Visitor: 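Dropping a structure here in structure tokens format, bear with me for questions.
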Amino acid sequence: MTFDSAILKKSFEISYALVRTADSISPDPFARQFKRLGIEILSTTALGNGKQALAALRAIEYLVRLAGSTGVVSSRNAEVIAEEATMLVTHINAALGAPQ
């Protein structure tokens with residue numbers, strides 16, 4: 001499957017936010033996961049792998065919320081990234097024809 005440009009753009013934005021956030025908390029263990037998941041979400045959406053992209057987005061949502069709750073990153077930054085991940089899940093599900 002090929003995702004539309006809106007999904008690809010949003011996945012790029014989330015990936016960018018994760019990598020930039022990771023750079024601000026290095027060498028914390030969260031930083032490694034942020035970078036790994038940022039690259040994973042970008043590559044899976046670019047390759048059209050919806051199931052893997054959805055799994056990565058779920059991990060992103062919970063990981064950034066945990067980082068925000070524990071003070072590793074600002075709670076506001078964590079909330080914004082988590083909300084963006086949730087919106088992207090909705091868009092990918094729609095593209096896959098999954099029930100909302």
Side-chain angles (χ1 to χ4, degrees):
M1 149 163 258
T2 302
F3 290 119
D4 67 24
S5 62
I7 288 174
L8 297 174
K9 181 179 184 225
K10 186 55 66 182
S11 70
F12 176 85
E13 291 169 352
I14 293 169
S15 298
Y16 180 83
L18 288 169
V19 169
R20 294 292 295 186
T21 301
D23 286 343
S24 72
I25 58 174
S26 287
D28 190 280
F30 280 96
R32 284 192 308 278
Q33 291 299 317
F34 281 13
K35 286 182 179 183
R36 183 185 66 77
L37 288 167
I39 292 166
E40 184 175 345
I41 190 58
L42 185 59
S43 63
T44 56
T45 55
L47 294 171
N49 188 336
K51 288 183 180 182
Q52 191 174 350
L54 290 170
L57 286 164
R58 281 189 289 277
I60 288 166
E61 180 184 357
Y62 286 103
L63 185 65
V64 297
R65 288 186 193 280
L66 176 62
S69 295
T70 58
V72 174
V73 299
S74 78
S75 58
R76 180 66 187 136
N77 284 349
E79 190 60 33
V80 169
I81 295 169
E83 287 174 5
E84 293 293 325
T86 300
M87 285 194 303
L88 186 53
V89 165
T90 301
H91 293 298
I92 290 173
N93 277 329
L96 296 173
Q100 299 297 312

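Fair warning: this is a prediction, and the values are worked out from it, not measured in the lab. Positions are given from 1, in the same order as the sequence printed here.
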Visitor: What is the minimum heavy-atom distance between A95 and M1, and which atoms define it?
Guide: O-CE, 3.3 Å

Visitor: Please list, chain by chain and in numerical order, all residues satisfying side chain to side chain contact (heavy atoms under 4.5 Å, CB included) with I25, sequence neighbours excluded.
Guide: D28, F30, A31, F34, V72, V73

Visitor: Nearest 0.5 Å, please: how far is CZ in R36 from CD1 in I41?
Guide: 11.5 Å

Visitor: For the hydrophobic clusters of this structure (ILVMFWY residues joined by side-chain heavy atoms under 4.5 Å, transitively), does one cluster hold both V89 and L66?
Guide: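 In one cluster with V89: L66, yes.
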
Visitor: Which value, rounded to the nearest 0.5 Å, describes the distance between I92 atom CD1 and D4 atom CG?
Guide: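 With rounding to 0.5 Å, CD1 (I92) is 10.0 Å from CG (D4).
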
Visitor: Who are the side chain to side chain contact (heavy atoms under 4.5 Å, CB included) partners of R32, not counting sequence neighbours?
Guide: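 Side chain to side chain contact (heavy atoms under 4.5 Å, CB included) list for R32, sorted by chain: P29.
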
Visitor: Heavy atoms only: give me the nearest A78-G68 pair and the separation to one decimal.
Guide: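 That would be CB-CA, 3.7 Å.
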
Visitor: Measuring from I7:CD1 to T2:OG1, what's the distance to the nearest 0.5 Å?
Guide: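 Answer for the CD1-OG1 pair, I7 versus T2, is 11.0 Å.
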
Visitor: Any chain of hydrophobic side-chain contacts (each under 4.5 Å) joining Y16 to L37?
Guide: no

Visitor: Please enumerate all residues that pass side-chain hydrogen bond (donor to acceptor under 3.5 Å, both in side chains) together with S69, with sequence neighbours excluded.
Guide: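 Listed in chain order: nothing, the list is empty.
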
Visitor: Which residues pass the side-chain hydrogen bond (donor to acceptor under 3.5 Å, both in side chains) test with K35, sequence neighbours left out?
Guide: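 side-chain hydrogen bond (donor to acceptor under 3.5 Å, both in side chains) list for K35, sorted by chain: D23.
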
Visitor: Quick one: side-chain hydrogen bond (donor to acceptor under 3.5 Å, both in side chains) partners of E79, sequence neighbours excluded?
Guide: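 Once residues adjacent in sequence are excluded, the partners of E79 under the side-chain hydrogen bond (donor to acceptor under 3.5 Å, both in side chains) criterion are R65.
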
Visitor: Using a 3.5 Å cut-off and no angle test, enumerate the donor-acceptor pairs between side-chain atoms of residues 49-60 and protein atoms at least two apart in sequence or in another chain.
Guide:
from, atom 1, to, atom 2, distance (Å)
N49, OD1, Q52, N, 3.1
N49, ND2, Q52, OE1, 2.9

Visitor: Cluster question for you: counting only ILVMFWY and a side-chain heavy-atom cut-off of under 4.5 Å, with indirect links fine, are L8 and I39 together?
Guide: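 No, it is not one cluster - the side chains of L8 and I39 are not joined through contacts under 4.5 Å.
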
Visitor: If every non-hydrogen atom of S11 is compared with every non-hydrogen atom of L42, which pair is closest and at what distance?
Guide: OG-CD1, 3.8 Å

Visitor: Which atoms form the tightest heavy-atom contact between Q33 and L63, and what is the distance?
Guide: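 Taking Q33 first and L63 second, the nearest heavy atoms are CB-CD2, 3.4 Å.
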
Visitor: Rounded to the nearest 0.5 Å, what separation is found between the NZ atom of K10 and the NE2 atom of H91?
Guide: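 Reported to 0.5 Å precision, the distance equals 7.5 Å.
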
